[in-house]
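Have a look at the structure below, then the notes.
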Amino acid sequence: MTAGSSFSQQLESHTDAYLESFKAGIDLLPELLDQYAAGDDYSETITEIEDLESECDDRNLAIVALITNADPIDMGKLNTRINYNQSALVEFYRTVDVVVNVTERIAHELDMMRPPHDNACFEGLQEMAAEVADTTAVLEEVIERFVHDLGTYEASDSLTEEIQEIRDMESRCDELRNEVIATAFEDETIDQPLMYREFAILFDELANQMEDITEEIIVVASNAPGIVAEEGPDV
């Protein structure tokens, strides 16, 4: 096995393991809100989110170290796409990890603030959590393909449809955020509207971060011929 193939396989393997914990943690958010709304014990779910966040931190550090400690010889001639985008890739993985941190913050704030759940605002938050989980499934595929393409010599791939899908989902989260906030301040039966506003903004931040990840992919892909992440202007 050449140095280049070994490096790309390590990067892909580390990324796949990271994404497994990444998606598992975000997928727990809808479950957490459902448990809370049903009056069930949700402490184990929060603990699981915390554990997955720690796993992601450790795996992310390992990935960043793998990239930053490698030189062109380690990467090999087949990994020029990675070599030419070394700094941008480090920023990319750091952006990805922000999503997991926000996920853990939402879990902690739910446990601390304990908002009333028998109203339209909380139902809106549940919709946002479900939308974010759906977005994560698309994002996971995009990242997996992107990293595989970077480490595959002369790979050709287009991620434009999936990235647009993530943008559309982020727009949907914007709409849900606005609905939750508007309802919180318009409905006189809603206590502590600022609390729902904060949660809506936090869930929207998750969606925004996912869109930011696609922007990072576009930046790297622009310097990696063969990987198309954004359609060019019509001629």
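Small disclaimer: the values here were computed from a predicted structure and weren't measured.
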[X] side, atom [atom1]; [Y] side, atom [atom2] - distance, nearest 0.5 Å:
X	Y	atom1	atom2	result
Arg59	Leu52	CZ	CG	10.0 Å
Leu33	Ile106	CG	CD1	8.5 Å
Leu206	Thr136	CG	OG1	7.5 Å
Phe146	Leu159	CZ	CG	8.0 Å
Leu139	Gln209	CG	CD	11.0 Å

Hey, any chance [X] and [Y] share a hydrophobic cluster, counting ILVMFWY side chains that come within less than 4.5 Å of each other, even indirectly?
X	Y	result
Leu19	Leu66	yes
Val96	Val219	no
Met113	Val180	yes
Val90	Val147	yes
Leu125	Ile46	yes

Open item on the list: Please find the pair of heavy atoms, one from Thr103 and one from Gly25, that lie closest to each other, and give the distance.
Closed with: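 For Thr103 and Gly25, the tightest heavy-atom pair comes out as CG2-O, 3.8 Å.
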Task: Smallest separation among heavy atoms of Pro30 and Ala133, with atom names - done: CG-CB, 4.0 Å
Open item on the list: Would you say that Leu150 contacts Leu11 through its side chain, given a criterion of any heavy-atom pair below 4.5 Å between the two side chains?
Closed with: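 Sidechains of Leu11 and Leu150: no contact.
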Open item on the list: Measuring only between side-chain heavy atoms, which start at C-beta, is Val102 closer than 4.5 Å to Val99?
Closed with: no
- [ ] Report the C-alpha separation of Tyr196 and Phe185 in whole Å, then their side-chain angles, then the decisive distance to 0.1 Å, and conclude whether the ring-ring contact (aromatic ring centres under 6.0 Å, His included) test is met.
- [x] CA-CA 9 Å; Tyr196 293 104; Phe185 287 95; 9.8 Å; no
Ionic contact status for [Y] with [X], cut-off 4.0 Å:
X	Y	result
Glu140	Arg145	no
Arg94	Asp97	no
Glu170	Arg167	no

- [ ] State whether the side chain of Gln86 and the backbone N or O of Ile67 hold a donor-acceptor pair below 3.5 Å, judged by distance alone.
- [x]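 It does hold such a pair.
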TODO: Using the side-chain hydrogen bond (donor to acceptor under 3.5 Å, both in side chains) rule, take Asp168 and Gln164 through it: C-alpha gap first, then chi angles, then the decisive distance, then the call.
DONE: CA-CA 6 Å; Asp168 293 342; Gln164 184 57 52; 2.9 Å; yes
Task: Reference residue Tyr42; test side chain to side chain donor-acceptor pair (under 3.5 Å); the match among Asp34, Thr47, Asp111 - done: Asp111
TODO: Indicate the ring-plane relationship of Phe122 and His117, choosing parallel, tilted or perpendicular according to the 30° and 60° boundaries.
DONE: perpendicular
Open item on the list: Tell me whether the count of non-hydrogen atoms from other residues, nucleotides or ligands lying under 6.0 Å of CD in Glu20 goes above 12.
Closed with: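 Atom CD in Glu20 is not packed in, count stays at 12 or less.
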